[in-house]
Amino acid sequence: MKIKSAKFLISAVRPEQYPDEGLGEIALAGRSNVGKSSLINMLVNMKKLARTSSSPGKTQTINFYEINEQFRFVDLPGYGYAKVSKNVQSKWGNMIESYLRNRKNLLEVFQLVDIRHEPTQQDQQMYHWIRHFGFHGIVIATKADKISRGQQSKQLKIIRKKLQMEDTDILIPASAENRQGKDEIWQLIADIFCKKGIEIEIK
Ligand code: GTP
Ligand code: MG
């Protein structure tokens, strides 16, 4: 993907703060610390477009990033961070739900899970939600650099089983560290937009 421009638009909490619905969006959901913000940076070849942190709970709002003035990545707040109060967690849940439920220009949701761990109950719930709202739910298994290729295929099977994915459902191992999965993810993004009649140049 040739990145001509990538810019942060806004950090939103309420729907009134979302940018206009003029461009298609791809959202990234997943547990806190799974690597959502890092994946955005990896895809656009920028170290610091989306803010990342080794301590969980960094992204607490819905962050919109506009790429090549053609489409947007939407970084959703991470769920499942134990140190956040129940009250705040339920606010995040509502924030994510109202975005998924009402956003007309949302084309697809990528759900990120850590390749090293069995998906949690909240991951299962999120995947269920995504499908309930009518998206395919593309699963990206992050931090693949942390384990060998042999272990990767073992872990991918566990993830598939736990999320009750069909063979045709898409699961991609990826790494923000060594860029594994990058071309495959861009190809998928191009396909998603192509189906909507929008051409995204990826080469
Ligand atoms: P929240 O904003 O808290 O929801 O987290 P997040 O999902 O955006 O995670 P973030 O991208 O901030 O990454 C969390 C930590 O994991 C950081 O220390 C990253 O450097 C690290 N990390 C993310 N992706 C990878 C990866 O592919 N490989 C390795 N080795 N580390 C990664
Ligand atoms: Mg983040």
Side-chain angles (χ1 to χ4, degrees), residues 1 6-13 25-67 72-97 99-100 108-127 129-130 137-153 155-156 159 163 171-186 188:
M1 174 78 175
K7 60 176 188 247
F8 166 70
L9 288 184
I10 195 167
S11 236
V13 180
E25 292 172 349
I26 304 249
L28 289 88
R31 289 189 68 177
S32 185
N33 214 42
V34 72
K36 298 174 293 298
S37 303
S38 302
L39 186 75
I40 293 176
N41 290 336
M42 183 272 260
L43 289 171
V44 301
N45 308 317
M46 287 169 78
K47 283 206 170 77
K48 290 185 177 161
L49 179 65
R51 289 183 69 188
T52 63
S53 167
S54 53
S55 49
K58 183 74 198 169
T59 313
Q60 305 193 359
T61 51
I62 301 183
N63 292 331
F64 294 81
Y65 298 93
E66 195 160 296
I67 314 303
R72 301 185 191 126
F73 282 128
V74 181
D75 196 0
L76 297 172
Y79 52 79
Y81 177 40
K83 283 193 184 148
V84 172
S85 72
K86 282 272 178 313
N87 189 21
V88 171
Q89 285 201 32
S90 89
K91 267 192 202 151
W92 291 3
N94 292 338
M95 217 194 297
I96 295 169
E97 183 179 354
Y99 173 77
L100 294 182
E108 190 50 80
V109 184
F110 291 172
Q111 182 174 5
L112 277 57
V113 294
D114 188 319
I115 198 163
R116 298 166 298 170
H117 309 302
E118 188 171 78
T120 63
Q121 204 195 340
Q122 279 175 310
D123 290 327
Q124 289 176 303
Q125 230 168 47
M126 187 73 219
Y127 188 62
W129 242 11
I130 291 170
I138 287 160
V139 181
I140 299 181
T142 63
K143 309 194 183 185
D145 57 281
K146 292 198 183 242
I147 57 176
S148 69
R149 291 275 170 157
Q151 283 173 306
Q152 285 186 25
S153 53
Q155 289 303 112
L156 291 176
I159 292 167
L163 294 179
L171 171 61
I172 304 174
S175 163
E177 199 70 25
N178 65 19
R179 296 165 187 268
Q180 183 183 338
K182 188 177 176 190
D183 292 347
E184 209 178 330
I185 295 170
W186 274 122
L188 261 171

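Start at 1 and go down the list; that is how both ligands and their atoms are numbered.
- Those atoms of ligand 1 that come under 4.0 Å of a heavy atom in Glu177, given as number and element, are 27 (O), 28 (N), 29 (C), 30 (N).
- Two residues are said to be in side-chain contact when any heavy atoms from C-beta on lie closer than 4.5 Å; Arg116 and Ile147 meet this criterion.
- Atoms of ligand 1 lying under 4.0 Å from any heavy atom of Ser37, numbered from 1 in the order shown and given with element: 8 (O), 11 (O).
- When non-hydrogen atoms are compared, ligand 1 lies under 4.0 Å from the side chain of Lys146 (C-beta onward) but not from its backbone.
- For ligand 1, the polar-atom distance check against Gly35 finds a nitrogen or oxygen pair separated by under 3.5 Å.
- Atoms of ligand 1 found under 4.0 Å from any heavy atom of Gly78, numbered from 1 in the order shown, are 4 (O).
- Counting heavy atoms from C-beta outward, Arg179 and Asn45 have side chains that approach closer than 4.5 Å.
- Qualifying side-chain hydrogen bond (donor to acceptor under 3.5 Å, both in side chains) partners for Gln151, counting only residues two or more places apart in sequence or in other chains: Ser148.
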Check: When you look at Leu39 and Ile185, which way does the side chain to side chain contact (heavy atoms under 4.5 Å, CB included) test go after all the steps?
Finding: CA-CA 10 Å; Leu39 186 75; Ile185 295 170; 4.2 Å; yes

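- Heavy atoms from both the backbone and the side chain of Thr52 come within less than 4.0 Å of ligand 1.
- Not a single N, O or S atom of Ser38, from either the backbone or the side chain, sits less than 2.8 Å from the Mg ion (ligand 2).
- For atom 25 (C) of ligand 1, the nearest non-hydrogen atom from the set Lys143, Lys36, Arg31 comes from Lys143.
- For ligand 1, the atoms lying closer than 4.0 Å to a non-hydrogen atom of Asp145 are 26 (C), 27 (O), 28 (N), 29 (C), 30 (N).
- Under a 4.0 angstrom heavy-atom cut-off, Thr142 registers as lying outside contact with ligand 1.
- The line from CD1 of Ile172 to CG of Leu188 is 4.5 Å long, rounded to the nearest 0.5 Å.
- In this structure the side chain of Lys47 never reaches within 4.5 angstrom of the side chain of Asn41, judged on heavy atoms.
- Those atoms of ligand 1 with a heavy atom of Ser38 less than 4.0 angstrom away are 10 (P), 11 (O), 13 (O), 19 (C), 23 (C), 24 (N).
- When only interatomic distances are considered, the shortest N/O to N/O separation between Ala174 and ligand 1 does not fall below 3.5 Å.
- Defined by atom type and a distance below 3.5 Å, a donor-acceptor pair is missing between the side-chain atoms of Lys36 and Asn63.
- Annotation: salt bridge (charged side-chain N to carboxylate O under 4.0 Å, His left out) contacts of Glu97 (sequence neighbours excluded): Arg101.
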